[in-house]
Amino acid sequence: MTQNQTTYDVLIVGAGPAGLCAALYAGRGMLKALVIERGAPGGELLNTDLIEDYIGFESIKGVELAQKMAEHARKFGAEFMTDTVERIQRLPDGGFEITTARERVFRAPAVILTAGGTPVKLGVIGEKEFAGQGVSYCAVCDGAFFKGEVLAVIGGGDAAVEEADYLTRYASKVYIVHRRHDFRASKIIQERALANPKIEPLWNKRVLEIVGRTQAVGDELPGVKHLELEDTLTGKHSQLQVGGVFIFIGFKPNTGMLTEHFRHDVSGHFITDERMMTSIPGLFAAGDVRSQLTRQITTAVGDATTAALAVEKYLAVLREKGKTEAAAIAS
């Protein structure tokens, strides 16, 4: 083993709600666990203003809940490291080796992958050009920069409709641009948003282009000016004057660091068994990287609880197997 290698019982990749909960239960199980997270602990909680559907908290700030979860995990001995995991490789002995962007190497017989996902891009002209200059994927992060503006939210799921409602505290008006005539968001989120006088849905509309200026010209500041839209029923084109665009059309699971093929659904999410183990023995998945019906904080921590307890049992089986093999060799 090289000097920069360290061995643990379990390596947890990602420190969102699933990763933090897995770390808590690993600590309670007296496992030596390391949580590797590229940013601050909390994951998408850090991008969510209010949490109102996590049992025991009628309403709590996302940042506050993230802090409470991290503190709870640390209380039971969880170790955290800020770094980006670049590769997860299975070793000949069945264990795993993780390599990070800072060229650190860690080994463990088990890994719990809780790396979440990254925002799905629209893939239209202007999206890349105006990223950070009017195009955003995080209402909590960037909403305050658009005080008094007319904004567009693209999407129709829980995140899109909920974040549109959040943005009305800053914007003068928020359009929700959706390619169909009904939202996929839960009814209570829809009802709250559609009751907001600042919100107007634009049904059956597809974004063709995001138009604006990348540089200041006279009194015109750089940024988004309007959207080119197409009616999905008639094909008719139109323009929507907006000062900012917030895109919430989904997330792709962060699974690219794996060097080995794994069983997955059509979206690339892990398919696991009832123990949260993937098709790769010793690799467990929890939260948004796993194929499931809903992606909520409650389901993430439920997955993580199962995964961490399953890791305990998995390691116990490995130890017993090792003793049996050693006894056979000795005899």
For residues [X] and [Y], determine if any side-chain heavy atom of one lies less than 4.5 Å from a side-chain heavy atom of the other.
X    : Y    : value
F284 : V311 : yes
L20  : F80  : yes
V174 : V153 : yes
F57  : I297 : no
L151 : V242 : no
M69  : V301 : yes
K313 : L309 : no
Q239 : V211 : no

For a quick test of reading the model, state the closest non-hydrogen atom pair linking [X] to [Y] and the distance between them.
X    : Y    : result
M277 : I280 : CG-O, 4.0 Å
G42  : P17  : O-CD, 3.7 Å
A160 : G155 : CB-C, 3.5 Å
E162 : I189 : N-CG2, 3.8 Å
I210 : E127 : CD1-CA, 3.9 Å
P119 : Y137 : CB-CD2, 3.8 Å

Distance check, rounded to the nearest 0.5 Å: [X] atom [atom1] versus [Y] atom [atom2]?
X    : Y    : atom1 : atom2 : answer
I98  : T6   : CD1   : OG1   : 12.0 Å
L45  : Y54  : CG    : OH    : 9.0 Å
I154 : L202 : CD1   : CG    : 9.0 Å
Y175 : L240 : OH    : CG    : 6.0 Å
D265 : I271 : CG    : CD1   : 5.5 Å
K236 : D231 : NZ    : CG    : 8.5 Å

Under 4.5 Å between side-chain heavy atoms, hopping through other hydrophobics if needed: is there a path connecting [X] to [Y]?
X    : Y    : result
V135 : L229 : yes
I199 : V177 : no
I36  : L46  : no
I88  : F106 : yes
L31  : L34  : no

May I ask you to decide if [Y]'s main-chain N or O and [X]'s side chain share a donor-acceptor pair within less than 3.5 Å?
X    : Y    : result
D158 : S186 : yes
K198 : T168 : yes
N254 : A115 : yes
Q133 : F130 : no
E86  : T99  : no
T114 : G14  : yes
S172 : E149 : yes
T278 : L283 : yes
D303 : G287 : yes
R179 : V207 : no

Determine whether more than 12 heavy atoms belonging to other residues, nucleotides or ligands lie under 6.0 Å from atom [atom1] of [X].
X    : atom1 : result
I55  : CD1   : no
K173 : NZ    : yes
K68  : NZ    : no
R38  : CZ    : no
F96  : CZ    : yes
R263 : CZ    : no
R28  : CZ    : no

Distance under 6.0 Å and angle within 45° of the ring axis: does K147 meet both against Y170? no
Run the side chain to side chain contact (heavy atoms under 4.5 Å, CB included) check on V85 and L11 step by step: do they pass? CA-CA 11 Å; V85 172; L11 296 167; over 6 Å; no
Walk me through whether I125 and E228 qualify under side chain to side chain contact (heavy atoms under 4.5 Å, CB included). CA-CA 10 Å; I125 296 172; E228 293 285 344; over 6 Å; no
Hey, what's the ring geometry for [X] with [Y], parallel, tilted or perpendicular (30° and 60° as the breaks)?
X    : Y    : answer
W203 : H181 : tilted
F246 : F146 : perpendicular
H261 : H264 : perpendicular

Where do H237 and E230 land on the side chain to side chain contact (heavy atoms under 4.5 Å, CB included) test, with the steps shown first? CA-CA 4 Å; H237 289 200; E230 178 185 59; 3.7 Å; yes
Using salt bridge (charged side-chain N to carboxylate O under 4.0 Å, His left out), reason through R192 and E52 one step at a time and then give a plain yes or no. CA-CA 13 Å; R192 181 186 302 170; E52 297 180 320; 3.1 Å; yes
Please test E44 against R295 for side chain to side chain contact (heavy atoms under 4.5 Å, CB included), starting from the C-alpha separation and ending with a verdict. CA-CA 11 Å; E44 287 303 308; R295 305 192 196 288; over 6 Å; no
